[in-house]
Amino acid sequence: MESKSRYLTLLGAYLTLGIVFFIDLFIPLGYALWMFYFIPIVFSSINGKRKDVFLIAIISSVMIWGGFFLASGGIDMIVVVFNRIIGLLVLWVITILVSQRKSIKEAYQINEYQFRTVFEQSPIGKEIIDPDGNIVRINKAFMNMFGIEEQDEVYKLSLFGNPNISSEVLEKIRHGISINYEEVQFNFDELKKNKLLKTHRNGIAYLHEVITPLFDSNKKITGYLLQVQDITSKKKVEMNLKKAISDLETSNKELERFAYVASHDLQEPLRMIGSYTQLLAKRYRGKLDNDADDFINFAVEGANRMRQLINDLLTYSRITSRINPYILVNCNDLMVNVVANLSAQIKASNAVITYNQLPVIFADETQIMQLFQNLISNAIKFRGEYQPEICISCSSNDIEWIFSVKDNGMGIESIYHDRIFVIFQRLNNRENYPGTGIGLAICKKIVERHGGRIWVESNLNEGAIFYFTISKIRE
Amino acid sequence: MSKLQEKPIEILLVEDNPGDVRLTIEAFKEGKVCNKLNIVEDGAEAMAYLHHEGKYSDALRPDLILLDLNLPKKDGREVLAEIKNDLNLKKIPVVILTTSQAEQDVLKSYELNANCYVSKPVEFNQFLNVIKSIEDFWLSVVKLPSNL
């Protein structure tokens, strides 16, 4: 134990100090007395602390001077004083040198302990390598990472003989460049096969390695520090994610193609049905009996509805498949176009459309126009007894714009507030309120594509306010 | 049929869908100008007709060709190219009449010197109007080259 050896040292030091003093008393030492007094100093420096050394030095000094007074005369006073002073001087020089060496040694030991702790206790695998590439030292984390039980097994692996690191990288390392080498593919099976490593790990691991050269004060390479982390699980997650995304993209493309082909190929037979029933209606209306007229009408209307359904389905499927790049859209200018597109409907119903200062947003222009058009067209279509008044406004916060389309129409009962956004859901009869029921489903999809949400506040016969948000956060 | 001309205008309709053929016939029946609609069902027959081959040896040269693009045997685009590269046939106006709305089809047709490109409307009444427009424009407004 440290303190035991310290006390032994000090015991020895004080003992020798006492002996030297007695010698000095009876046989006064000449100028060579410093030789004798430095013995306790050196003794105390073996395992003692700095303060022990200084204490001995102080006591020695007192004794040296004391010896001057106690010693018997016979010699020239000046010589004696001169000898004592030299003695003291040399004693203190030695003391200081010894204590300096001690403090350097102590600092070194603290440093050494710190380094060892950092090295051993690090959760990151670390290796010290000599200038030839041979492994000198490894820590526990390294052993665990590489599945090594005994330290000596790994010493066969050389940095410069590692097949997993490219020769360009090794060249850079030799020239003293630090390397941050991601994703080294480490093949355990290969290494085991070539008897380079004895490990219980199998297969391939992905490692993140950082190799740093170690220099001496002359900038010469004294070795390398290699730090390594096992990122295999992170890599696996990445690869699974990539595959999932790729699968989804393929699936999406197939669905798009399917939707397009289905609606495209359905058009032709539909055209035949529609056209010939209409031709029948035209050519034979009134010439067959009333039943025939009714039957023909039902057939014609059925065909028309189917055509509309197919068109709507195509539009719906294209919202995510036909992607236009986002641009800055001035909603005020957009509204001018929307009103122009709906001019026939607006004129026929005498509707009044007003809008407050609308913002400039970052969005898909075609889709936002479709969104406004659907909402306003609905507001006009589902009007009440009064002249339709439709007001569009917008507020915003840090993360989104919140638009509202307010009307004074027939309103919607609260139990239906969720259903209306479902595809092909209708609440009213077909004769008075034409449409397939896809308008709001399209609105919802567009809004969701822009990172927002859509909802309605309304009561029966009290008009409705449709709110939707557009995200400000660009991805 | 009011007769604005003594001799009926000869029209060649190249169309494989019998339903569409009949619709076109019915639509042309309501036309102002006296016309005779001749039908062939695929691209090969079309070229045979135009070259007076086989059973078409007595066929008259059409004054107007209505050509569908997607045809069996020889594709409409090929037929168009052949017609417009033939010294004798190139002066016959060719109206592409097809369901396709694809940009590349439109471009290709005009590049091959089609006289115009008409997309068949899905809705019946619109289809009738389009046929009437074609008939009106190409048979009464426009001057067709005389056959020599």
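- Among residues 65-90 of chain B, no residue has any heavy atom closer than 4.5 Å to a heavy atom of chain A.
- The side-chain heavy atoms of A/Gln267 and B/Thr99, taken from C-beta on, include no pair separated by under 4.5 Å.
- Counted within 6.0 Å of CG on A/Asp418, heavy atoms from surrounding residues, nucleotides or ligands total 12 or fewer; the atom is thus considered open.
- Within a 6.0 Å radius of NZ in A/Lys381, more than 12 heavy atoms belonging to other residues, nucleotides or ligands are found.
- Using a 4.5 Å cut-off between non-hydrogen atoms, the part of residues 280-308 of chain A that approaches chain B consists of A/Lys282, A/Arg283, A/Arg307.
- Pairs of residues two or more places apart, or lying in two chains, that qualify as salt bridge (charged side-chain N to carboxylate O under 4.0 Å, His left out) and include a residue from residues 259-274 of chain A are A/Arg271-B/Asp20.
- Of all residues in residues 119-130 of chain B, those placing a non-hydrogen atom less than 4.5 angstrom from a non-hydrogen atom of chain A are B/Lys120, B/Pro121, B/Val122, B/Glu123, B/Phe124, B/Asn125, B/Leu128.
- Within 6.0 Å of the CZ atom in A/Phe258, the count of heavy atoms belonging to other residues, nucleotides or ligands does not exceed 12.
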